[in-house]
Amino acid sequence: MINDIKTVFSIKDLENLSGIKAHTIRIWEKRYKVLEPMRTDTNIRMYNLSSLQKLLNITLLHEYGYKISKIATFSEEKIQESVREIISKKNSQNYAINSFKMAMMNFDQEIFFNTFDLLIAEKSFKEVFKENFLPLLKELGLLWQSQTISPANEHFMSHLIRQKILIYTEGIQILKPTKTHKVFVLSLPLNEIHQIGLLYLQYEILLQGYKTIYLGESMPIENLEDITRHFSTITFVTFMTVQPDRTNVNQYVKTMEQKLLLKNNEIWLMGKMTEHIDRKNLSQRTFIFDSIEETINKI
DNA sequence: AGGGCTGTCGCCTCTTCTAG
DNA sequence: CTAGAAGAGGCGACAGCCCT
């Protein structure tokens, strides 16, 4: 399993992680010697973790208007200094995401925590999630698809994010709900394990002063039905990222409506699979949201 | 206006890797 | 073993600059 940890990167990996085209990376190397990768005995470039770090730093400077030729004259220390300068100028988003990526590739919790502390000193958790974690998670999906990162990388990262959400959730969970006319029940369908969005939504709902019941993953509809006997008005919130699949999703939603939409209950749906839902035949009290922000606005 | 830089892209050829 | 994908690197095109 230790072999799962990637220590050598191809030029394609660097392209995926930095967003700089492989072609351009080669030209930068040729013209400016910004990176000098090792080669296999068949001449293929191999980069190590510090090359990746350097490229991510260079990318950041480049995005902020530095010329490559100028960056090329910088020493390693000068590059890091300039990067720090940019972060301190409030524009921390890209830097933070790059740091999180480094933490992920390196399985380094300390980088994660340090970067997070830096962000949280400047803004609210809400802002950190929206401006840093969400874009990062979105990118992780793409990096996973392109096999630049392994499931180990992705799990490592999402676990750390989940942990942070839980810490902040716990902080407000002990407060008594201020709005008691309805409760939110959060769950995921069978085999749906993408919890982060749902966890964060719980945090937002709690912030608004509502009571939440978090049921988590693999929750069959029948079990949700049990809950309806305990509370008068319930909003059921569910993420459908990969399950139920496109052939079953419409039937699944129909069953949810039949069993759960008593009285003034509502169903809120999110996630990729909602694209395949036939929106014409939905109940008035079933809502589909295309983004977390949209959902938060509705709370 | 003209002419270097600069960054990016497309196209081409040759080599290497890999899935079947 | 072979066909096709992917990488290396050369050359040229071009847009957007900065300078004189």
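As the structure is a prediction and not an experimental result, all values here were calculated from the model. Every chain is numbered from 1 and lettered A, B, ... according to where its sequence line falls, protein lines coming before strand lines.
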Do any N or O atoms of the protein come closer than 3.5 Å to N or O atoms of nucleotides 4-8 of chain B, and which pairs are they?
unit_1: B:dT6; atom_1: OP1; unit_2: A:Ser69; atom_2: OG; d: 3.4
unit_1: B:dG7; atom_1: OP1; unit_2: A:Ile68; atom_2: N; d: 2.5
unit_1: B:dG7; atom_1: OP2; unit_2: A:Tyr32; atom_2: OH; d: 2.7
unit_1: B:dG7; atom_1: N7; unit_2: A:Arg31; atom_2: NH1; d: 3.1
unit_1: B:dT8; atom_1: O4; unit_2: A:Arg31; atom_2: NH2; d: 3.4

Aromatic A:Phe184 / basic A:Lys211 pairing, under 6.0 angstrom, 45° off normal: no
task: Scan side-chain atoms only and decide if A:Thr212 and A:Gln202 contain a donor-acceptor pair under the 3.5 Å cut-off.
output: yes
task: Report yes if the side chains of A:Phe236 and A:Ser187 come closer than 4.5 Å at any heavy-atom pair, otherwise no.
output: no
query: What integer distance in Å separates A:Ile11:CD1 from B:dT16:P?
result: 17 Å
Report all interatomic pairs (protein N or O, nucleotide N or O of nucleotides 10-15 of chain B) with separations under 3.5 Å.
unit_1: B:dG10; atom_1: O6; unit_2: A:His23; atom_2: NE2; d: 2.9

query: Got A:Lys54 and A:Ile79 here, is their nearest side-chain heavy-atom distance under 4.5 Å?
result: yes
Test item: side-chain donor near acceptor, A:Asn132 and A:Lys123, under 3.5 Å: yes
task: Please examine the side chains of A:Leu269 and A:Phe289, heavy atoms only from C-beta on, and report whether any two atoms are closer than 4.5 Å.
output: no
field: A:Asn281 and A:Asp278: side chain donor to acceptor below 3.5 Å
entry: yes
- request: Kindly determine whether A:Lys263 and A:Thr233 satisfy side chain to side chain contact (heavy atoms under 4.5 Å, CB included), including the steps that lead there.
  value: CA-CA 7 Å; A:Lys263 287 167 274 182; A:Thr233 308; 5.9 Å; no
